[in-house]
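Structure record follows, encoded as structure tokens.
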There are 2 protein chains.
Amino acid sequence: MNQAAQSKDYEEELRRAGVRITRPRQVILRILSETEDHPDAMEIFNRACEIDPSISLSTVYRTMKLLEEKGAIHRHAFEGGRARFEQAGGGHHDHLIDIDTGDVIEFHSGKIEALQDEIARSLGYEIVYHKLELYGRKRRRR
Amino acid sequence: MNQAAQSKDYEEELRRAGVRITRPRQVILRILSETEDHPDAMEIFNRACEIDPSISLSTVYRTMKLLEEKGAIHRHAFEGGRARFEQAGGGHHDHLIDIDTGDVIEFHSGKIEALQDEIARSLGYEIVYHKLELYGRKRRRR
DNA sequence: GTCGGTGCAAATTATTTGCACAAGT
DNA sequence: ACTTGTGCAAATAATTTGCACCGAC
């Protein structure tokens with residue numbers, strides 16, 4: 001399925017959840033569908049302004065909060081102050097952050113997650129969610 | 001070694017690194033040595049004020065930054081806005097955060113770290129540091 | 001005595017909110 | 001129509017910084 005269709009799907013799902021699909025929300029959903037990276041609120045605001053300059057930063061923040069509550073996006077607090085977002089769907093994964101460029105690479109390891117569960121259980125806990133971030137730099141071949 | 005002695009050791013090490021051991025810094029180092037938990041700047045400020053009310057919040061922040069640069073403490077950005085600190089030393093470990101109480105439990109898994117390295121390597125990266133946080137709640141026995 | 005450190009208040013940065021008006025259903 | 005959403009500007013919250021004085025070495 002292409003990105004435009006995916007964006008429409010999200011709209012439908014939100015509409016069903018009783019969320020009004022306003023112009024700013026359409027624009028933001030489209031941006032989130034099209035992006036490959038993990039933009040922060042200001043970045044989303046900038047991209048949104050190119051499509052519709054009347055959108056405000058407040059609306060971006062309010063929409064991100066709404067989408068997070070509805071489970072449509074995930075919020076990350078990587079190093080560096082601002083929160084960064086990515087659309088949900090596409091399965092759970094963790095992140096490897098390039099400390100030189102800020103690039104984010106997604107990965108997933110069932111083995112690590114199994115070990116996490118084991119550890120939590122042995123400490124008398126049940127994991128609700130977790131955060132695994134690897135910070136590193138490109139290995140130069142020798 | 002007891003906590004007071006440990007605190008003195010930190011003082012010596014910092015002094016050798018060319019850091020002046022002022023009254024506020026002594027107080028903050030002592031607090032960090034004595035604490036079992038992971039306090040934020042405001043909490044450290046409050047505890048410091050009980051020992052010496054003339055200490056300012058700015059100094060707490062400045063000292064935390066200094067100690068972090070010197071490698072004497074680690075800064076964590078657990079959920080909930082403010083940064084939290086813990087003294088370094090005592091070996092690397094990760095954290096399990098109780099989402100009901102905010103309590104932090106430390107743990108370490110060589111197996112997970114080995115897997116992390118493996119994953120990073122396969123992606124062409126070298127890990128500089130990582131962050132693994134498990135958020136969960138106490139398991140009730142059945 | 002010198003230079004780095006401190007307290008205080010003001011500045012920054014990221015995010016949130018009150019309000020009057022606009023727009024989705 | 002009714003209610004929710006929006007833009008704007010002002011409010012918060014966490015942290016940082018400029019400046020004149022103070023204290024560690």
Side-chain angles (χ1 to χ4, degrees), chain A residues 8 10-31 38-46 48-70 72-85 102, chain B residues 8 10-31 38-46 48-70 72-85 102:
Chain A
K8 292 295 176 216
Y10 268 107
E11 287 183 22
E12 274 319 306
E13 207 172 307
L14 289 167
R15 211 186 293 273
R16 255 177 269 122
V19 174
R20 286 187 186 173
I21 303 305
T22 62
R23 174 108 180 90
R25 286 175 182 172
Q26 270 179 42
V27 172
I28 291 170
L29 283 170
R30 187 177 132 196
I31 290 168
H38 298 64
D40 58 40
M42 189 54 79
E43 182 59 37
I44 293 170
F45 171 65
N46 289 146
C49 278
E50 279 171 32
I51 299 171
D52 178 348
S54 74
I55 288 172
S56 78
L57 182 56
S58 310
T59 295
V60 173
Y61 276 112
R62 276 189 281 235
T63 303
M64 299 328 278
K65 176 172 283 187
L66 175 78
L67 295 179
E68 194 188 7
E69 281 166 5
K70 298 297 177 189
I73 61 169
H74 292 304
R75 172 190 302 261
H76 299 294
F78 303 141
E79 323 254 297
R82 29 244 260 197
R84 295 170 67 172
F85 307 90
Chain B
K8 293 294 175 215
Y10 268 107
E11 285 183 25
E12 273 320 306
E13 206 173 308
L14 289 167
R15 211 186 293 272
R16 254 176 270 124
V19 174
R20 288 188 187 174
I21 303 305
T22 62
R23 174 107 181 91
R25 286 175 182 171
Q26 270 179 41
V27 172
I28 292 170
L29 283 171
R30 186 177 131 196
I31 289 169
H38 297 66
D40 58 42
M42 188 55 77
E43 183 58 38
I44 293 170
F45 171 63
N46 288 147
C49 278
E50 280 171 32
I51 299 171
D52 178 348
S54 74
I55 288 171
S56 80
L57 183 55
S58 310
T59 295
V60 172
Y61 275 111
R62 277 189 280 235
T63 303
M64 297 330 278
K65 176 172 282 185
L66 175 78
L67 295 179
E68 193 187 7
E69 281 165 5
K70 297 298 178 189
I73 60 169
H74 292 305
R75 172 190 303 260
H76 299 294
F78 302 141
E79 322 255 296
R82 27 243 259 198
R84 295 170 66 173
F85 307 89

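Below, each value reflects all heavy atoms present in this structure, side chains not excepted, and no hydrogens, waters or symmetry copies. Chain identifiers are assigned alphabetically (A, B, ...) following the order of the sequence lines, protein sequences preceding nucleic acid strands; residue numbering begins at 1 within each chain. None of the values given here were measured: they were computed from a predicted structure.
Looking at A/Glu12 and A/Arg15, their side chains come closer than 4.5 Å, going by heavy atoms from C-beta outward. Between A/Gln26 and A/Arg30 there is no side-chain heavy-atom pair separated by less than 4.5 Å. Residues A/Arg25 and A/Leu67 fail the side-chain proximity criterion, which asks for heavy atoms closer than 4.5 Å. Under the 4.5 Å side-chain criterion, counting only non-hydrogen atoms from C-beta, A/Leu14 is not in contact with A/Leu66. The side-chain heavy atoms of A/Met64 and A/Asp40, taken from C-beta on, include no pair separated by under 4.5 Å.
Residues that satisfy the side-chain hydrogen bond (donor to acceptor under 3.5 Å, both in side chains) test with A/Glu68, not counting sequence neighbours, are A/Arg75. Among residues two or more places apart in sequence or in another chain, the side chain to side chain contact (heavy atoms under 4.5 Å, CB included) test is passed with A/Phe45 by A/Met42, A/Cys49, A/Leu57, A/Val60. Listed by chain and residue number, B/Thr35, B/Asp37, B/Glu43, B/Ile44, B/Arg47 satisfy the side chain to side chain contact (heavy atoms under 4.5 Å, CB included) test with B/Pro39 (two or more places apart in sequence, or in another chain).
Where DNA chain C meets chain A (any atom under 4.0 Å from a heavy atom), the bounding nucleotides read 5' to 3' are C/dA14 to C/dT25.
A/Ile55 and A/Ala48 get closest at one heavy-atom pair: CD1-CB, 4.0 Å.
With D/dT16, D/dG7, D/dT15 as the choices, the nucleotide that has an atom nearest any side-chain atom of B/Ser58 turns out to be D/dT16.
In this structure, A/Leu57 places its CG atom 18 Å from P of D/dA11, rounding to the nearest Å. Atom CZ in A/Arg25 sits about 9 Å away from atom C1' in D/dT6, given to the nearest Å. The separation between A/Glu79 atom CD and D/dT15 atom P is 14 Å, rounded to whole Å.
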Where do A/Arg62 and A/Lys65 land on the side-chain contact (heavy atoms from CB on, under 4.5 Å) test, with the steps shown first? CA-CA 5 Å; A/Arg62 276 189 281 235; A/Lys65 176 172 283 187; 5.8 Å; no

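At a non-hydrogen distance threshold of 4.0 Å, A/Tyr61, A/Arg62, A/Lys65 from residues 60-70 of chain A come into contact with DNA chain C.
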Which atoms of nucleotides 23-25 of chain D (N or O only) lie under 3.5 Å from a protein N or O atom, and what are those distances?
unit_1, atom_1, unit_2, atom_2, d
D/dG23, N2, B/Arg20, NH1, 2.6
D/dC25, OP1, B/Arg15, NH1, 2.7

